[in-house]
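The structure appears below as structure tokens.
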Amino acid sequence: MASSTETVETVNELTGAYKYGFVTDIETDFSPVGLSEETVRFISARKNEPEWLLDWRLKALALWRKMEEPRWAMVSYPAIDYQGLHYYAAPKAKTDGPKSLDEVDPELLSTYEKLGIPLKEQEILAGVVAVDAVFDSVSVATTYKAKLEEKGVIFCSFSEAVQRVPDLVRKYLGSVVPQGDNYFACLNSAVFSDGSFVFIPKGVRCPMELSTYFRINAQNTGQFERTLIVAEEGAYVSYLEGCTAPQRDEHQLHAAVVELVALDDAEIKYSTVQNWYPGDVEGKGGVYNFVTKRGACRGKRSKISWTQVETGSAVTWKYPSCILQGDDSVGEFYSVAITNNAQQADTGTKMIHIGKNTRSTIVSKGIAAGRSDNTYRGLVRVLAGAEGARNYSQCDSLLIGDKSGAHTVPYIESRTPFSTLEHEATTARISDDQLFLCRQRGLSPEEAVALIVNGFCKEVLQNLPMEFAVEAQKLVGISLEGSVG
Amino acid sequence: MANGLVIKDLHVNVGEREILKGISLSVEPGKVHAIMGPNGSGKSTLAHVISGRPGYEVTGGSVEFNGVDVLEMEPEERAAAGLFLAFQYPVEIPGVTNTVFLKTALNAQRKARGEAEMDPMAFLKFLRDKAKLLQLRDEMLKRPLNVGFSGGEKKRNEMLQMAVLEPKLAILDETDSGLDIDALRIVAEGVNAQRSPERSFLVITHYQRLLDYIVPDVVHVLAHGRIVETGDADLARRLEKTGYADYTPAA
Ligand SMILES: Nc1ncnc2c1ncn2[C@@H]1O[C@H](COP(=O)(O)OP(=O)(O)O)[C@@H](O)[C@H]1O
Ligand SMILES: [Mg+2]
């Protein structure tokens with residue numbers, strides 16, 4: 001059976017509320033609770049990091065201590081006790097890091113099976129997807145490595161990259177999102193534990209979709225992964241991340257950083273299906289998702305495309321952005337953000353036009369049900385030298401019920417008269433007539449909402465890699481359960 | 001009990017106002033009944049109550065379909081039981097193609113009846129054949145439901161949905177209004193092609209014109225929430241000449 005079919009079937013079987021809320025019982029190696037220089041040194045030492053990286057982390061910690069938590073987003077949540085968290089949690093392994101799947105704890109593998117991740121060797125050999133799985137803070141198994149390495153593609157955990165290709169890591173780390181960029185990125189820079197590293201050398205088209213699954217398991221633990229993707233001249237890669245977390249009554253903090261670098265004629269397609277635990281109907285528990293994602297189109301004619309499907313988390317604060325530096329470079333942002341019950345999402349993008357004839361497209365679909373709040377916040381900035389820049393933005397909101405809110409906050413700044421900026425926004429509601437039509441034809445209210453919402457999001461969902469589009473469609477339906485009737 | 005649709009002394013309120021004031025009506029399997037009447041007489045209300053649209057309060061009477069009380073059923077359960085309503089004002093669903101909509105609907109009904117889902121390729125062929133009968137181009141099947149359709153296309157598309165879902169009782173709510181003579185003929189042929197000893201129709205219309213093509217077994221006149229006259233196809237022809245002026249509100 002193809003791995004993707006299995007994933008789809010897993011989603012198929014799911015009924016009821018949050019499907020990934022189970023906890024894996026596994027021995028865990030924690031850092032001491034709280035955040036201090038000791039914590040940072042502990043993490044760095046566990047990972048056997050070189051001196052320069054420890055210094056880099058310590059510099060971030062010093063900066064972070066002087067910063068204030070941002071409060072401008074349309075989200076509200078109680079103060080986070082940064083001293084009450086663990087910053088590092090790793091499943092205890094028999095040896096230091098598994099060399100093959102046989103060495104991975106069977107409990108872990110069964111967790112991944114439940115999540116529908118195609119880790120099994122035979123599937124991977126037949127498969128189209130190479131998977132790097134991050135469990136709490138460490139990368140468990142990176143599959144399909146050999147095949148990629150033939151092509152010179154490096155796809156491994158961040159920690160492994162630090163050991164194997166330190167010069168590459170050092171060259172690009174923080175070059176898109178510097179340590180002091182913002183509060184959460186700065187925190188991540190000090191304590192990031194693992195993540196994925198991808199390097200596609202000059203002229204190589206990555207022969208398969210790369211994908212990472214992130215899973216928060218341990219209790220009272222923040223997750224701070226860091227992903228770095230570099231595509232050299234003429235390279236191409238499509239990368240997908242998926243995320244889940246167990247159901248817990250207390251909130252879980254997730255502050256990730258993703259940096260993308262595209263050189264001349266390179267293209268990076270980055271897709272996210274985010275389904276962290278959203279909390280219960282009353283807003284108890286759920287993941288705080290504070291993420292900084294940014295791509296630099298450094299080279300001429302380079303292209304970075306973000307596609308995100310955000311259905312989970314209690315609070316989402318996320319603005320995948322593109323810095324369009326190279327002339328004729330292209331940035332894209334396709335987003336579906338769904339909030340239900342007491343969820344809050346403030347998400348959008350930034351497109352910074354620096355090079356000449358740079359182009360960007362923004363398509364945002366926000367769906368708000370229950371008592372949730374859903375905000376699109378986007379910035380399009382055209383700098384003085386960016387003659388011929390073009391942007392097209394389309395922000396559509398769909399409301400379900402009469403207690404939810406959708407907000408659109410577009411910022412548009414242009415410092416050159418030679419640019420074309422278009423912005424369209426719509427707000428609609430699922431009408432009683434539409435619901436009744438669907439029910440008259442035989443659909444349950446929930447099936448009707450799933451169908452209507454999938455239609456509303458179609459332009460975005462069709463940008464996902466094929467194997468994941470079906471899964472995302474199901475997820476859209478699942479995350480809106482209980483929103484009507 | 002396959003005795004079709006049986007409505008007895010049905011009273012319906014919208015808010016404080018009584019709209020249907022005691023309707024009794026039986027449509028046996030295989031029969032075509034027409035309901036005619038002036039605007040505002042309660043024709044759509046009757047169609048909506050039979051199919052379970054929220055917003056109406058049934059204050060008295062009963063509606064049974066093949067011996068089952070449909071007023072107790074959810075709209076989707078009524079659909080699976082074979083009740084179909086062709087809407088007077090079809091609504092749009094952006095982004096959902098005609099094909100996806102119909103496939104989802106058909107499979108939902110089949111699932112509810114404990115039948116297997118239809119094979120996707122077999123469904124496509126089935127759908128294309130039905131579309132051809134209604135002279136709907138294949139291209140229309142790929143377009144989002146009713147989005148940008150002309151009035152006539154919307155009505156023909158309702159008939160396509162009926163043809164695909166193969167209901168036991170189809171209620172057509174003014175499917176003829178706004179159609180030119182060619183479209184009217186296509187719709188009527190679509191209906192006639194579906195007539196069978198098991199399938200019955202309730203054809204709601206304001207004009208007699210449609211009934212030249214779909215010849216009814218029984219014609220009812222609905223005025224001010226009551227059925228004021230029942231007859232055969234000749235009644236419709238008579239109304240064409242006299243209009244509804246004779247049916248003054250009951251005192
Ligand atoms: N939802 C509603 N709210 C208020 N009045 C309604 C509603 N639906 C129907 N009515 C009233 O009920 C009467 C019958 O309407 P309708 O069933 O649409 O008539 P017809 O289809 O015969 O033209 C009209 O007077 C109409 O104004
Ligand atoms: Mg009407």
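Residue numbering restarts at 1 for every chain, and letters A, B, ... go by the order of the sequence lines.
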- Count the heavy atoms belonging to other residues, nucleotides or ligands that lie under 6.0 Å from CG of A/D432, then report whether that count exceeds 12. no

- Message: Heavy-atom pairs under 4.5 Å with chain A - which of B/E76, B/K111, B/R78 has more of them than the others?
- Response: B/E76

- Greater than 12 external heavy atoms within 6.0 Å of A/R377's CZ: yes

- Task: For atom CD of A/Q462, decide whether the heavy atoms of other residues, nucleotides or ligands shown that lie under 6.0 angstrom number more than 12.
- Result: yes

- Item | Contacting moiety of B/L102, where chain A heavy atoms sit under 4.5 Å | neither

- Checking B/I93 against chain A: side chain, backbone, both or neither under 4.5 Å from a heavy atom? both

- When you look at B/T104 and A/L443, which way does the side-chain contact (heavy atoms from CB on, under 4.5 Å) test go after all the steps? CA-CA 8 Å; B/T104 312; A/L443 306 189; 3.8 Å; yes

- Relative to chain A, which of B/H48, B/R53, B/Q109, B/E92 shows the most heavy atom pairs under 4.5 Å? B/R53

- Query: When you look at NZ of B/K31, are more than 12 heavy atoms from neighbouring residues, nucleotides or ligands closer to it than 6.0 Å?
  - Reply: no

- Message: Quick check on the interface: out of A/I452, A/I430, A/N454, A/L451, who has the most heavy-atom pairs with chain B under 4.5 Å?
- Response: A/L451

- More than 12 heavy atoms of other groups within 6.0 Å of A/K350 NZ: no

- Message: Any non-hydrogen side-chain atom of A/K458 less than 4.5 Å from a side-chain atom of B/P144?
- Response: no

- For chain B, which residues from residues 433-442 of chain A lie under 4.5 Å away (heavy-atom distances)? A/D433, A/Q434, A/F436, A/L437, A/C438, A/R439, A/Q440, A/R441, A/G442

- Any idea which of B/P90, B/A105, B/P167, B/A112 has the most non-hydrogen atom pairs under 4.5 angstrom with chain A? B/A105

- Is the number of heavy atoms from other residues, nucleotides or ligands within 6.0 Å of CZ (A/R390) greater than 12? no

